[in-house]
Enquirer: 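Sharing a structure below in C-alpha cells format, with a few things to ask.
Bear in mind the structure is a predicted one, so any value in this text is a computation, not a measurement. Here is how names work: the chains are called A, B, and so on, in the same order as the sequence lines, proteins then strands, and each is numbered from 1.
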There are 2 protein chains.
Amino acid sequence: MGDVSTGENLLFLTDEQLRQGIEAMFFAYRGFTADPDRILAGMAYGRAHHRAIHFINRAPGTTVNNLLILLGVTKQSLNRVLRTLIEDGLVESRVGTADKRERHLYLTEAGEELEHKLSDAQRARMRAAYRAAGPQAVAGFRQVLEAMMDPEMRRRYHALKESGA
Amino acid sequence: MGDVSTGENLLFLTDEQLRQGIEAMFFAYRGFTADPDRILAGMAYGRAHHRAIHFINRAPGTTVNNLLILLGVTKQSLNRVLRTLIEDGLVESRVGTADKRERHLYLTEAGEELEHKLSDAQRARMRAAYRAAGPQAVAGFRQVLEAMMDPEMRRRYHALKESGA
DNA sequence: CAGCTTAAGTCAGTCTTGTTGACTTTCCAA
DNA sequence: TTGGAAAGTCAACAAGACTGACTTAAGCTG
C-alpha cells in the first residue's frame, strides 16, 4: 500500500473533507439516477420498477423474498411494483420446483429490452465518469463505496458480483 | 498521472465492471442515508428536512431559489419542508434587504443542534469508510463522483466547496 | 399427522416527498 | 407607468414507501 495512508497525514479526515464527500455523494447520486428516470418518466414506471428490473436481470430466478432484501423495501411495496411488471408482461413469475411456496422471477424478452435501454443509459454515464477519472481512481471509488455499505449489504453485494463475474 | 490509465488496459470499462459500480453506488447510498434516517424517524421529519438543514448550514443566508436548485426539487416541494422547519423554530427566514421578494434562510440555535446530531452520524460513517480505504482511494472516490455529476451541479458543488474551505 | 413456521400475496390506511396549477407580492425595464 | 418576470405561497394530487391484519399454500417437526 502507499505510505501516505500510514502515519499522521490525516488531513483527508477533517470535517470539511468529510462534508465535501457527503455533498459529492449527494450530487453524484442525482446524476446517477437522472438518465433512467428520464426514460421512465414517459412510461407508467418509476425508479422502483427500474431497480426491480435491474436485480431480476442480474440474478435471474431470484425469489421475491431475496429481491425485497436486496432492494431494502417491504413485500407490500415490492408487490405493487412487481404486479404491474408481471401484468405488463415484462417479468415472469414461476412457481418453485423444490419449494412450491417460492416464486422465481425472470425477465421476459420485453423486460430484457427495457432493461437494456435503462442500463445502457446508466452505463454510458458511468463509463464516461470512469474514463475521465482513470482506473486507479475507479479502484479507490469502489473501495470507499464498499466501506460505506452496511456489512450485510456488503455481503450480498459480493455474492452478486461473484455470480455475475 | 499513472501510466495504467493510458494505453489499452481498458478492462475497468467492461460492462461487468460498470454494473458492479452501479450496484456499489446503490448499496453505498443506502448506507450513506441510513444513520440520519434513523435519527429522523422518531421526529416528524424526513430526508428532505435533513437535506434542507444541511445546505442552509452550509450556505447561511441562501435564498429559497438558490436552495431549491441545489436540492433539485420544485419550490413548492421545498416550501412544505421549509414551512415546518420555520414553524418549529429550526430555521429563520428573513426578508431580503436589497430585494424584498427574496427570503434569506438561517439555522436557529435549535436548528444547528439538530444539524450537528445528523451530520455527526453521517460523518462518522464517512470517516470510517475513508479511514478504511485510505487517502489515495478517497481521492479516486472524489474524482469519480465529480465526473458523474451533471455539469451544472458540478459547478455548484465547486462553488459550495470554495465557500466552505 | 397436527400444529407451527415460512413464502407469498392481498387489502386498507398512513406518511413523506415529489409533482402541477393558480395565485400574490415585488421588482425592473420598455 | 404598466406589463412581464421573479420569488414565494397555497391547494390538490401522485408515487412510493410504511405498518398492520389477514389468507393461502407449502414445508417441517415433535
Enquirer: Nearest-nucleotide wise, let me know which of B:His104 and A:Ala98 is further upstream toward the 5' end of DNA chain D.
Expert: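 Result of the comparison: B:His104.
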Enquirer: Can you tell me if the side-chain N/O atoms of A:Ser77 get under 4.0 Å from OP1 or OP2 in D:dG16?
Expert: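 Negative; the distance criterion is not met.
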Enquirer: Check every atom of D:dA17, C:dC27, D:dG8 against the side chain of A:Val81 and return the nucleotide holding the closest atom.
Expert: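 For A:Val81, the side-chain atoms sit closest to D:dA17.
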Enquirer: Taking all non-hydrogen atoms of both residues, which atom of A:Gln17 and which atom of A:Phe12 are closest, and how far apart?
Expert: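 Reported closest heavy-atom pair: CB-O, 3.5 Å.
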Enquirer: Give a yes or no on whether a salt bridge exists between B:Asp120 and B:Lys117, defined as a side-chain N under 4.0 angstrom from a carboxylate O.
Expert: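 B:Lys117 and B:Asp120: not salt-bridged.
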Enquirer: Is it true that B:Glu152 and B:Arg154 make a salt bridge, defined as a side-chain N closer than 4.0 Å to a carboxylate O?
Expert: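 Between B:Arg154 and B:Glu152 there is no salt bridge, as every charged N stays at least 4.0 Å from the carboxylate O atoms.
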Enquirer: Applying a 4.0 Å non-hydrogen cut-off, can you work out what A:Lys75 is touching in the nucleic acid: base, sugar-phosphate, or nothing?
Expert: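 Base contact.
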Enquirer: Enumerate the residues from residues 25-52 of chain B whose closest heavy atom to DNA chain D is under 4.0 Å, giving them by residue number; use none for an empty result.
Expert: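 Within this stretch, nothing sits under 4.0 Å of the strand.
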Enquirer: Starting from B:Ile69, can I reach B:Leu160 by hopping between I/L/V/M/F/W/Y residues whose side chains sit under 4.5 Å apart?
Expert: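 Looking at the clustering, B:Ile69 is in the same group as B:Leu160.
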Enquirer: Find out whether B:Arg19 and A:Met126 are in side-chain contact, i.e. whether some heavy atom of one side chain is under 4.5 Å from a heavy atom of the other.
Expert: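 Side chain of B:Arg19 against side chain of A:Met126, heavy atoms only: no contact under 4.5 Å found.
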Enquirer: For the pair made of CD in A:Glu102 and C1' in C:dT5, what is the distance, rounded to whole Å?
Expert: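 Result: 14 Å.
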Enquirer: Counting distance alone, no hydrogens or angles: does the base of C:dG18 have a donor or acceptor under 3.5 Å from a partner atom on the side chain of B:Gln76?
Expert: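 No.
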Enquirer: Check the angle between the aromatic planes of A:His50 and A:His54 and answer parallel, tilted or perpendicular using the 30° and 60° thresholds.
Expert: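 Answer is perpendicular, since the angle exceeds 60°.
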Enquirer: Can you tell me if A:Thr74 touches the phosphate of D:dA17, counting only side-chain N or O atoms and a distance under 4.0 Å to OP1 or OP2?
Expert: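 Looking at the OP1 and OP2 atoms of D:dA17, neither is under 4.0 Å from any side-chain N or O of A:Thr74.
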Enquirer: Between A:Phe141 and B:Phe141, what is the ring plane arrangement, given parallel below 30°, perpendicular above 60°, and tilted in between?
Expert: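 It falls in the parallel class, under 30°.
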Enquirer: Ignoring backbone atoms, establish whether B:Asn79 has a side-chain N or O less than 4.0 Å from OP1 or OP2 of D:dG8.
Expert: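 The answer is no; no side-chain N or O of B:Asn79 sits under 4.0 Å from OP1 or OP2.
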Enquirer: Give A:Arg83 one of three labels, base, sugar-phosphate or nothing, depending on what nucleic acid heavy atoms sit under 4.0 Å from its own.
Expert: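 The residue A:Arg83 makes sugar-phosphate contact but no base contact.
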Enquirer: Closer to the 5' end of DNA chain D via nearest nucleotide, is it A:Arg101 or B:Leu68?
Expert: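 Its nearest nucleotide lies further toward 5', so the answer is B:Leu68.
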Enquirer: Choosing from D:dA17, D:dG8, D:dT19, which nucleotide comes nearest the side chain of A:Arg80?
Expert: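 Selected nucleotide: D:dA17.
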